[in-house]
Amino acid sequence: MAVSTKPRPGGGSSGSESSWAPLALPVFRALWVAQFVSNVGTWMQTVGAQWLLLGHGATLVTLVQTASSLPVVLLALPSGVLADRFDRRRLLVVAQLAMCAVATVLAVLAFAGTLSPGPLLALTFLLGCGTALMGPAWQAIQPELVARGQLAEASALGAVNMNLARAIGPAVGGVLVAAAGAGWTFAFNAVSFLGIVIVLLLWKRPPAKPVPPAERERFLTALYAARRYVWNAPGIRRVLLRTALFIPGAAAVWSLLPLVAGDSLGLGSGGYGLLLAAVGVGAVSGAFLLPRMRRLLGANGTLAAGAAAFAVVLAVLATVHVSWVVALALLPAGLAWIGVLSTLNAATQTRLPGWVRARGLAVYLLVFQGGQALAAPLWGALAQWLGLTTALLIAAALLLLAAASVRLWPLYDAARIDPTPSDHWPVPPLVHEPGPADGPVLVSVVYHVAPADRAAFTAAMADVARSRRRTGALTWGLYEDGNAAGRFIENYLIGSWAEHLAQHHTRLTETDRRFETRARSLLLPGTEPEITHAFDTTAMAPGRAT
């Protein structure tokens with residue numbers, strides 16, 4: 001039976017909707033369930049892998065997390081380009097089947113008794129490559145499944161999914177490792193990928209609007225466009241900064257919890273699984289509190305409170321050696337984790353336009369997963385060098401600093417950003433039709449401004465400048481005519497005619513339109529901008545310049 005969904009038009013979300021509202025949509029619900037089964041398998045495998053390495057030293061144990069996260073550092077941006085250029089559903093299916101194959105090899109080696117630390121970490125790294133390939137595409141399809149106003153709820157449900165799996169997977173994995181061996185955790189993980197494949201194949205996804213050949217980006221061009229967009233989007237840069245400040249300290253919980261369980265508390269694999277389950281239970285319980293917490297604290301307050309709560313939990317892990325007290329302390333860690341991650345993820349989703357969404361999310365995942373990958377071996381090394389208690393206290397101090405920095409570097413107001421596409425530029429009237437690769441293209445716009453409005457106009461054009469750079473401009477400048485006061489000339493250079501057509505038809509948003517409208521409201525009455533397009537004659541055939 002095929003499944004389909006139609007997000008509520010308008011992108012809004014009434015204030016009466018609960019955190020669970022997206023589950024009323026059939027495809028979102030089916031994918032959520034399938035993802036939950038897959039996440040349970042992933043956590044079961046993590047327990048099995050970490051427990052196999054527990055006798056080989058703290059550094060090797062923490063390298064399981066590094067092997068899982070490092071591929072995102074290497075492949076996130078290329079994966080984002082692929083997800084923006086090709087069919088996202090097909091990409092997700094390929095990634096799931098590849099991970100199923102790798103997990104099957106892990107299971108076979110484990111059952112044969114030949115799974116040593118080297119192959120275990122190498123195959124875990126390959127699974128991480130699959131995760132890196134699917135991450136941007138998975139995030140980018142969320143706006144196709146739910147309305148824009150429900151993205152925060154959908155993001156929170158994604159965090160609930162992961163943490164509910166964390167509550168169940170490690171506990172089941174710990175029992176399974178103790179009863180039958182780690183091979184069965186790898187086998188379950190292999191099968192768990194197939195559910196997502198089935199749902200994706202049954203999804204009756206509406207056909208995407210085809211991109212004209214003249215506007216299709218080349219791979220390297222698309223990669224550069226992602227870097228250019230993020231660099232010129234202050235709202236996205238601030239989300240990335242908040243992620244980078246939170247993740248390294250928070251990663252100490254996931255990196256060092258096996259050592260807390262084994263060395264500090266003297267627990268076996270089942271006890272370690274139960275500690276992870278406590279984090280998951282806290283996260284699931286926190287889903288009921290998140291809407292109220294967001295109303296009371298706002299996005300920035302949630303980030304500050306989450307970092308501070310994590311710091312307190314790490315201090316408890318460092319100083320308390322009673323199992324049930326540690327388990328209780330891990331409950332608010334789950335709430336803090338889901339609160340911070342859902343806030344950051346929703347902030348990223350709601351600030352990115354469709355044409356660069358997967359690439360922008362890839363950068364977010366790069367910072368998120370890369371922070372964990374780089375921090376995990378550091379915490380392991382510090383635990384070996386300075387001791388487990390000292391490493392945990394250092395992580396707690398970092399998180400307290402992250403909480404305090406929210407006042408200095410808060411998230412920008414999301415209401416200022418509307419990524420809805422806006423095809424408001426007219427088609428350029430040219431004498432000769434250029435080819436897609438022709439360029440660079442110099443676009444010049446002449447404005448006439450009253451002397452009294454000069455300062456206001458130049459200030460308004462600062463936002464326009466970021467808009468031009470986000471959507472394709474390689475260089476930008478605003479000049480005032482020395483012979484005519486109030487006559488301003490805006491020049492910006494685009495790499496090719498295809499890039500400029502993409503600006504016209506797919507890249508501009510309502511936010512860009514608002515910036516332009518504000519600047520043009522300051523023009524002299526009765527005047528309009530005068531726009532010309534000029535082509536680099538050294539890079540094209542004679543007679544093609546316009």
Side-chain angles (χ1 to χ4, degrees), residues 1-5 22-23 25-49 67-68 71-72 75 79 82-83 86-112 115 119-120 122-142 144-145 154 157-158 160-173 175-177 180-205 280:
M1 180 181 68
V3 288
S4 63
T5 184
L23 290 175
L25 299 168
V27 172
F28 183 89
R29 181 173 62 249
L31 281 174
W32 193 91
V33 172
Q35 184 192 25
F36 170 70
V37 175
S38 181
N39 285 336
V40 167
T42 298
W43 279 106
M44 289 174 63
Q45 173 167 305
T46 299
V47 170
S68 300
V72 177
L75 300 176
S79 298
L82 293 175
F86 300 106
D87 183 83
R88 291 166 182 166
R89 173 169 57 179
R90 188 173 302 171
L91 194 64
L92 288 169
V93 170
V94 170
Q96 294 293 313
L97 291 175
M99 287 190 286
C100 175
V102 173
T104 300
V105 173
L106 267 172
V108 170
L109 292 177
F111 286 135
L115 190 57
L120 173 57
L123 290 168
T124 301
F125 180 84
L126 288 179
L127 281 174
C129 291
T131 301
L133 180 63
M134 70 166 286
W138 184 270
Q139 295 286 342
I141 67 169
Q142 300 306 305
E144 300 181 43
L145 304 177
L157 283 171
V160 167
N161 192 308
M162 174 62 75
N163 285 280
L164 183 59
R166 181 181 284 124
I168 296 174
V172 176
V175 172
L176 197 57
V177 168
W184 287 103
T185 64
F186 304 143
F188 182 90
N189 190 40
V191 175
S192 71
F193 292 116
L194 299 179
I196 294 178
V197 172
I198 293 172
V199 176
L200 287 171
L201 292 177
L202 293 176
W203 175 21
K204 293 194 297 185
R205 185 187 185 205

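What you see is a predicted model; the values in this text were computed from it and never measured. Positions are given from 1 along the sequence. Basis for what follows: all heavy atoms, side chains included, without hydrogens, waters or symmetry-related copies.
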Chemist: Would Cys129 and Leu75 satisfy side chain to side chain contact (heavy atoms under 4.5 Å, CB included), going step by step from the backbone distance to the final call?
Modeler: CA-CA 7 Å; Cys129 291; Leu75 300 176; 3.9 Å; yes
Chemist: Please report the C-alpha distance between Phe28 and Leu23 in whole Å, then the side-chain angles of each, then the deciding distance to 0.1 Å, and finally whether the side chain to side chain contact (heavy atoms under 4.5 Å, CB included) criterion is met.
Modeler: CA-CA 6 Å; Phe28 183 89; Leu23 290 175; 3.9 Å; yes
Chemist: Does Asn161 reach the side chain of Asn39, with side-chain heavy atoms less than 4.5 Å apart?
Modeler: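 A side-chain contact under 4.5 Å exists here.
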Chemist: Got a sec, which residues hit side chain to side chain contact (heavy atoms under 4.5 Å, CB included) with Leu126, two or more places apart in sequence or on another chain?
Modeler: Val102, Leu123
Chemist: With side chain to side chain contact (heavy atoms under 4.5 Å, CB included) as the criterion, how do Trp32 and Leu145 come out once you've worked through the C-alpha distance, each side chain's angles and the decisive distance to 0.1 Å?
Modeler: CA-CA 11 Å; Trp32 193 91; Leu145 304 177; over 6 Å; no
Chemist: Return the minimal non-hydrogen interatomic distance between Val199 and Ala30, and the atom names on each side.
Modeler: CG1-CB, 3.7 Å
Chemist: Which pair of non-hydrogen atoms, one from Gly183 and one from Ala110, has the smallest distance, and what is that distance?
Modeler: CA-CB, 3.5 Å
Chemist: Quick one: pull up CG in Asn189 and CG in Leu106 and give me the separation to the nearest 0.5 Å.
Modeler: 8.5 Å
Chemist: What distance do Thr104 atom OG1 and Leu109 atom CG have between them, rounded to the nearest 0.5 Å?
Modeler: 11.0 Å
Chemist: What pairs with Trp184 under ring-ring contact (aromatic ring centres under 6.0 Å, His included), at least two apart in sequence or on another chain?
Modeler: Phe111
Chemist: Measure across Met99 and Leu127 and return the closest heavy-atom pair with its distance rounded to 0.1 Å.
Modeler: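 Scanning both residues, the minimum pair turns out to be O-CD2, 3.4 Å.
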Chemist: Taking the side chain as every heavy atom from C-beta outward, state whether Leu194 and Cys100 have any pair of such atoms under 4.5 Å apart.
Modeler: yes
Chemist: Could you report the tightest heavy-atom contact between Ala95 and Met134, atom names first, then the distance?
Modeler: CB-CB, 3.8 Å
Chemist: Give, for atom CG of Leu92 and atom CH2 of Trp203, the distance between the pair rounded to the nearest 0.5 Å.
Modeler: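 Rounded to the nearest 0.5 Å, the CG-CH2 separation comes to 8.5 Å.
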Chemist: Measure across Leu31 and Trp138 and return the closest heavy-atom pair with its distance rounded to 0.1 Å.
Modeler: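 Closest approach of Leu31 to Trp138, heavy atoms only: CD2-CH2, 4.0 Å.
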Chemist: Looking at every non-hydrogen atom in both residues, tell me the closest pair between Gln96 and Ser38 and how far apart they are.
Modeler: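 Looking at all heavy atoms of both residues, the closest pair is OE1-OG, 4.5 Å.
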Chemist: Side chain to side chain contact (heavy atoms under 4.5 Å, CB included) with Ile198: which of Leu202, Leu200, Ile196?
Modeler: Leu202
